[in-house]
Amino acid sequence: MPIATSAKIFVAGHRGLVGSAVVRKLHQLGCTNILLCTHSDLDLTNQSAVESFFADEKPQYVILAAAKVGGIHANNTYPADFITINLQIQTNVIVSSFNHKVQKLLFLGSSCIYPKFAPQPIPENALLTAPLEPTNEWYAIAKIAGIKMCQAYRLQHNFDAISAMPTNLYGTNDNFHPENSHVLPALLRRFHEAKVNNLDKVVVWGTGSPLREFLHVDDLADAVVFLLENYSDLEHVNVGSGKEVSIKELAELVKEVVGFKGELVWDSTKPDGTPRKLMDTSKLVGLGWTPKISLRDGLVDTYKWYLENYGKQ
């Protein structure tokens with residue numbers, strides 16, 4: 001059922017990579033009643049504050065995109081933060097959504113919820129079938145709890161809460177922090193800085209052999225709205241591009257898009273992470289949704305945004 005343009009929609013985490021893309025998409029669709037709160041306005045880890053917000057605003061739809069996120073380094077360094085903050089945010093928003101009769105909630109997770117050696121491509125039913133990748137298990141366990149919480153509220157209270165699990169995302173408003181970012185923005189920044197500083201080489205962690213899938217965040221935002229309008233069931237839904245690329249191929253493509261002319265060197269003493277991670281998106285494709293933005297086009301778009309926002313630093 002199409003979302004009315006006048007519907008009150010709360011996008012939790014609207015300043016992040018995913019939340020900001022969802023807001024852009026809703027604006028494109030003509031939605032005029034989007035609730036946005038910065039962290040200083042509303043601390044989602046504060047249960048009473050979240051409850052008061054829902055009591056006052058009474059949103060009809062909730063898109064839960066707020067989360068503490070980061071790459072391998074950040075997950076290894078701040079495990080307590082990753083599990084605690086994400087559990088608090090999810091619990092507060094899901095419970096308050098139910099308490100204040102939200103019409104529909106969409107919870108956003110991550111492909112890291114799946115076992116390290118899950119079957120490839122990874123189907124939704126691979127969840128909880130084997131151990132997780134140790135470098136991000138704290139974040140993954142929080143996200144799994146969020147999925148299960150949505151399912152529990154649907155089962156016990158018939159609350160229309162659904163979950164979407166995106167693959168690796170990139171695009172406008174990505175985190176380009178030199179240590180706490182994911183692989184694609186980290187590569188983009190490093191090649192750009194190497195180019196600006198006329199370096200003769202860039203050293204990249206690992207062997208370059210792991211395979212990864214990437215989805216432009218604007219495609220995810222499109223899928224989020226599609227699922228809100230077309231899906232209502234217990235099982236979470238994978239959202240991906242259905243295409244995989246090796247980290248080596250990705251690095252070469254980023255190097256080309258940025259225009260770095262030096263050498264690319266691999267530091268095989270550093271960890272690779274999960275060897276392969278491709279989502280099985282046949283469920284979503286079967287519902288009628290497919291992505292539209294190619295990796296090359298997405299990288300060009302992302303680098304343009306990076307130059308406009310970080311390039312002068």
Side-chain angles (χ1 to χ4, degrees), residues 3 9-29 31 34 36 38 61-71 74 86 89 106-113 136 139 143 146 162-177 180-189 192 212-229 236-245 250 253-254 257-258 277-279 281 284-285 289-310:
I3 298 170
I9 306 167
F10 175 40
V11 181
H14 76 280
R15 282 185 162 177
L17 174 65
V18 173
S20 61
V22 169
V23 171
R24 287 195 302 275
K25 180 65 182 177
L26 292 172
H27 280 145
Q28 283 172 16
L29 294 172
C31 295
I34 306 169
L36 307 174
T38 63
Y61 296 90
V62 172
I63 297 162
L64 180 40
K68 180 172 179 61
V69 297
N86 285 305
I89 290 170
L106 185 143
F107 169 72
L108 280 150
S110 160
S111 58
C112 73
I113 63 165
N136 60 20
Y139 177 73
K143 287 295 179 181
I162 61 173
S163 300
M165 298 303 116
T167 188
N168 298 296
L169 301 168
Y170 70 99
T172 301
N173 281 329
D174 211 335
N175 170 19
F176 292 91
H177 189 280
N180 295 344
S181 60
H182 288 106
V183 60
L184 190 151
L187 285 173
L188 198 148
R189 176 176 178 144
H192 172 76
R212 289 291 180 275
E213 175 188 21
F214 295 94
L215 183 72
H216 194 283
V217 72
D218 288 349
D219 269 338
L220 173 64
D222 189 62
V224 162
V225 174
F226 177 87
L227 286 167
L228 275 174
E229 294 182 337
H236 60 282
V237 181
N238 288 342
V239 185
S241 63
K243 297 174 183 175
E244 58 188 342
V245 61
L250 175 69
L253 188 57
V254 172
V257 166
V258 170
K277 199 162 68 171
L278 175 67
M279 305 274 264
T281 53
L284 182 55
V285 171
W289 185 89
T290 51
K292 301 172 182 69
I293 303 166
S294 72
L295 181 57
R296 177 180 288 277
D297 288 347
L299 279 171
V300 169
D301 174 71
T302 304
Y303 186 47
K304 181 171 177 282
W305 185 86
Y306 174 83
L307 288 175
E308 289 167 358
N309 291 273
Y310 290 89

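Reckoned from all heavy atoms, side chains included, excluding hydrogens, waters and symmetry mates.
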- Rounded distance [0.5 Å steps], CG in Asn173 versus CG in Leu17: 7.0 Å
- Message: Quick check: closest heavy atoms across Pro166 and Gly109, and the distance to 0.1 Å?
- Response: CD-O, 3.2 Å
- Query: Given side chains that start at C-beta, do those of Val11 and Leu36 come closer than 4.5 Å, heavy atoms only?
  - Reply: yes
- Item | Between Asp301 and His216: side-chain donor-acceptor atoms closer than 3.5 Å | yes
- Say you draw a straight line from SG of Cys31 to CD1 of Ile3; how long is it, rounded to the nearest 0.5 Å? 6.5 Å
- Side-chain contact, heavy-atom cut-off 4.5 Å: Lys68 with Tyr139? no
- Do the side chain of Asn168 and the main chain of Glu213 share a donor and acceptor less than 3.5 angstrom apart? yes
- Item | Chi angles and distances behind the side-chain contact (heavy atoms from CB on, under 4.5 Å) call for Val239, Val224 | CA-CA 9 Å; Val239 185; Val224 162; over 6 Å; no
- Query: Around atom CZ of Arg24, are there more than 12 heavy atoms of other residues, nucleotides or ligands at under 6.0 Å?
  - Reply: yes
- Does a side-chain heavy-atom distance below 4.5 Å link Arg296 with Leu253? yes
- Shortest non-hydrogen separation from Asn136 to Cys112 and the atoms involved: ND2-CB, 3.3 Å
- Once you round to the nearest 0.5 Å, how far does NZ of Lys277 lie from CZ of Arg212? 5.5 Å
- Task: With rounding to the nearest 0.5 Å, note down the distance linking OG in Ser241 to CG in Leu169.
- Result: 10.0 Å
- Note on the structure: Residues Arg189 and His177: closest non-hydrogen pair is NH1-CA, 4.2 Å
- Examine distances only and state if a side-chain atom of Asn309 and a backbone atom of Trp305 form a donor-acceptor pair shorter than 3.5 Å. yes
- Measure the shortest side-chain to side-chain distance between Asn238 and Leu284 over non-hydrogen atoms and say whether it is less than 4.5 angstrom. no
- Taking all non-hydrogen atoms of both residues into account, name the closest pair between Thr38 and His14 and its distance. N-CE1, 3.9 Å
- Item | Ile89 vs Leu64, side-chain contact (heavy atoms from CB on, under 4.5 Å): CA-CA, chis, key distance, verdict | CA-CA 9 Å; Ile89 290 170; Leu64 180 40; 4.0 Å; yes
- Please lay out, stage by stage, how Tyr303 and His192 fare under the test ring pair (Phe, Tyr, Trp, His ring centres under 6.0 Å). CA-CA 9 Å; Tyr303 186 47; His192 172 76; 5.7 Å; yes
- Item | Nearest-0.5 Å distance that lies between atom OG1 in Thr281 and atom NZ in Lys243 | 10.5 Å
- Does Asn86 use its side chain to pair, donor to acceptor, with the backbone of Ala67 at less than 3.5 Å? no
- Item | Smallest separation among heavy atoms of Val245 and Leu250, with atom names | CG2-N, 3.8 Å
- Task: Mind checking the CG-OH spacing from Leu299 to Tyr170? Nearest 0.5 Å is all I need.
- Result: 5.5 Å
- Going by distance alone, is a donor N or O of one side chain under 3.5 Å from an acceptor N or O of the other, for Trp289 and Asp222? yes
- Query: Between the main-chain N or O of Lys292 and the side-chain N or O of Asp219, is there a donor-acceptor pair closer than 3.5 Å?
  - Reply: yes
- Can you name the closest pair of heavy atoms from Gly171 and Thr302 and give their distance? CA-OG1, 3.3 Å
- Item | Any side-chain heavy-atom pair of Ile63 and Val18 under 4.5 Å | no
